[in-house]
Amino acid sequence: MKGKVTVMKISVVVPSFNQGHYIEQTLISILGQAYPELELIVVDGGSTDNTVQILKKYKDGITWWVSEPDKGQTDALIKGFGRATGDIMCWLNSDDLLQPGALHEVASFFLNHPKVDAVFGDTTWIDDKGKPLREQREMPFNRFIWMYTYNYIPGMSMFWRRRIYEEVGGLNPEFDLAMDADLWIRFADVGKIAHVRQQWSMMRFYPEQKNRSLREKSDAEDLKIRARYLRDQQSYIYCFKKLLALNLRGAWKLFTGCYTVGYKRYLERP
């Protein structure tokens with residue numbers, strides 16, 4: 001997967017708001033890919049820190065950017081993807097990073113797997129200073145396990161073809177935090193999601209992270225998505241399937257070498 005591929009255009013959308021402390025590193029990780037068919041779009045929600053100065057510094061590498069008030073991350077992403085023209089699409093939060101060579105590997109994968117609509121790799125969790133905490137090695141997408149456990153697809157390592165994004169109608173503005181889970185399961189409704197054991201991103205893990213500081217709201221949105229598919233299921237059946245799915249996930253990860261040792265115990269997901 002290391003060979004350079006130049007025929008597929010990749011659109012990377014970066015939503016941001018007052019992330020001047022991190023966004024320069026994010027932009028460097030994207031532009032440093034040296035991917036010739038890159039379309040980089042940054043949608044900032046009207047930051048009051050040094051974000052705009054940083055965006056101006058890298059304006060030659062950014063295809064389009066804007067800094068203006070919006071309705072939040074999902075609104076920013078919808079705005080960004082509305083401008084995107086790539087064959088492959090993804091988003092990277094302004095505090096996360098791409099691993100070197102990731103875009104070349106993604107393009108190569110899609111060229112070699114024309115029937116796959118979306119693919120995700122693995123990620124490395126880092127702290128607010130960029131120090132690695134652990135590798136998060138994932139299992140392939142399994143609809144049953146995903147539905148009865150949680151959204152284990154690392155969004156910062158998820159890439160998809162434009163055609164499936166358009167087919168499902170894009171992101172749903174109804175969701176502020178679980179918009180990724182909602183999009184992934186709608187992808188699964190109509191297409192094929194693959195997984196590769198490649199480290200494609202680094203996800204920053206710190207107390208101010210949205211899905212940690214707003215966990216209750218995130219969980220409520222997640223339950224709303226699952227209720228769409230499971231609303232008529234009796235509670236005892238649901239509980240049995242959830243227990244089965246958790247055990248299957250644990251066994252699958254254990255026997256495929258997904259678990260790592262020595263990571264900090266405060267991390268939330270096993």
Side-chain angles (χ1 to χ4, degrees), residues 13-19 22-23 26 43-45 70-81 90-97 118 120 122-128 133-134 136 138-139 141-158 160 165 168-189 193 201-231 233 235 238-239 241-242 245-246 249-250 253 263-270:
V13 176
V14 178
S16 180
F17 181 67
N18 284 340
Q19 290 279 19
Y22 299 120
I23 192 171
T26 300
V43 186
D44 179 69
D70 56 38
K71 299 176 183 177
Q73 184 180 9
T74 305
D75 184 50
L77 288 169
I78 291 172
K79 186 187 301 183
F81 287 124
C90 72
W91 82 72
L92 187 69
N93 293 328
S94 53
D95 51 359
D96 295 333
L97 307 170
F120 65 97
D122 295 336
T123 191
T124 297
W125 292 1
I126 59 176
D127 66 14
D128 58 342
L133 297 173
R134 65 170 286 193
Q136 178 68 10
E138 267 309 337
M139 60 175 291
F141 176 75
N142 178 282
R143 189 185 184 95
F144 174 79
I145 293 175
W146 187 98
M147 188 66 68
Y148 286 95
T149 56
Y150 58 90
N151 174 31
Y152 59 79
I153 296 176
M156 65 294 304
S157 289
M158 177 67 146
W160 60 88
Y165 185 81
V168 302
L171 286 157
N172 186 345
E174 178 182 351
F175 296 98
D176 295 322
L177 298 169
M179 67 288 194
D180 53 348
D182 174 68
L183 188 62
W184 310 157
I185 196 61
R186 287 188 287 123
F187 282 172
D189 287 341
I193 299 176
S201 69
M202 288 177 273
M203 185 190 81
R204 214 173 288 273
F205 192 94
Y206 57 104
E208 295 78 21
Q209 185 184 29
K210 280 179 61 179
N211 272 2
R212 292 186 69 193
S213 60
L214 300 172
R215 172 59 65 186
E216 185 175 341
K217 182 178 180 181
S218 177
D219 288 345
E221 289 188 359
D222 194 68
L223 287 174
K224 186 175 183 179
I225 294 166
R226 292 165 206 286
R228 186 193 308 156
Y229 299 91
L230 307 174
R231 63 168 60 93
Q233 194 167 102
S235 60
Y238 173 81
C239 290
K241 289 184 176 180
K242 182 176 180 66
L246 286 168
R249 174 170 166 76
K253 292 194 69 175
Y263 60 85
K264 295 187 178 182
R265 296 298 176 181
Y266 64 77
L267 297 181
E268 295 179 350
R269 296 298 191 188

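Residues take their numbers from the sequence shown, with the count starting at 1. Computed from a prediction, not measured in an experiment: that's the story for all the values here. Basis for what follows: all heavy atoms, side chains included, without hydrogens, waters or symmetry-related copies.
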| message | In the structure I gave you, are the side-chain heavy atoms of Glu138 and Pro154 within less than 4.5 Å of one another anywhere? | response | yes
| task | Give the ring-plane orientation class for Trp184 versus Phe187, where under 30° counts as parallel, over 60° as perpendicular and anything between as tilted. | result | tilted
| Non-hydrogen side-chain atoms of Leu183 and Met158 separated by less than 4.5 Å | no
| task | For the residue pair Asn93 and Gln73, confirm or rule out a side-chain donor-acceptor distance under 3.5 Å. | result | yes
| remark: Lys241 meets the side-chain contact (heavy atoms from CB on, under 4.5 Å) criterion, sequence neighbours left out, with Phe144, Tyr148, Gln233, Ile237
| Which atoms form the tightest heavy-atom contact between Ile185 and Phe141, and what is the distance? | CD1-CZ, 4.4 Å
| query | How far does CG of Asp75 sit from CG of Asp176, to the nearest 0.5 angstrom? | reply | 9.5 Å
| query | So, does Ser94 use its side chain to make a donor-acceptor pair with the main chain of Pro15 at under 3.5 Å? | reply | yes
| Min side-chain heavy-atom separation Thr26-Leu92 under 4.5 Å | yes
| query | Rounded to the nearest 0.5 Å, how far apart are CG of Leu133 and CE of Met203? | reply | 9.0 Å
| Does the side chain of Asn142 reach to within under 4.5 Å of the side chain of Met147, using non-hydrogen atoms? | no
| said: Looking at Asp44, is its backbone amide N or carbonyl O close enough to the side chain of Ser16 to form a donor-acceptor pair, meaning the two atoms are under 3.5 Å apart? | reply: no
| Considering residues at least two apart in sequence or located in another chain, which fulfil the ring pair (Phe, Tyr, Trp, His ring centres under 6.0 Å) criterion with Phe81? | Trp160, Tyr165
| query | When rounded to the nearest 0.5 angstrom, what distance separates OG1 in Thr149 from NZ in Lys242? | reply | 7.0 Å
| field | Candidate list Leu97, Asp95, Thr123, test side chain to side chain contact (heavy atoms under 4.5 Å, CB included), partner Met156, passing option | value | Thr123
| field | Charged tip of Arg226 within 45° of Trp146 ring normal and under 6.0 Å | value | yes
| request: May I ask you to test the Ile145-Met139 pair for a side-chain heavy-atom distance under 4.5 Å? | output: yes
| task | For Thr74 and Phe175, indicate whether the former's side chain and the latter's backbone hold a donor-acceptor pair under 3.5 Å. | result | yes
| Under 4.5 Å between any side-chain heavy atoms of Phe205 and Arg134, yes or no? | no
| remark: CG (Asp127) and CZ (Arg204) are apart, to the nearest 0.5 Å, by 8.0 Å
| said: Test side-chain contact (heavy atoms from CB on, under 4.5 Å) on Arg228 and Arg186; report intermediate values, then the result. | reply: CA-CA 11 Å; Arg228 186 193 308 156; Arg186 287 188 287 123; 4.0 Å; yes
| Can you check whether Asp189 reaches Tyr229 side chain to side chain, under 4.5 Å on heavy atoms? | yes
| Is there a side-chain contact between Trp91 and Asp180, using heavy atoms and a 4.5 Å cut-off? | yes
| message | So, using side-chain contact (heavy atoms from CB on, under 4.5 Å) as the criterion, who are the partners of Glu174 when residues are at least two apart? | response | Asn172, Lys224
| Ala76 to Asp70 - nearest heavy-atom pair and separation | CB-OD2, 3.6 Å
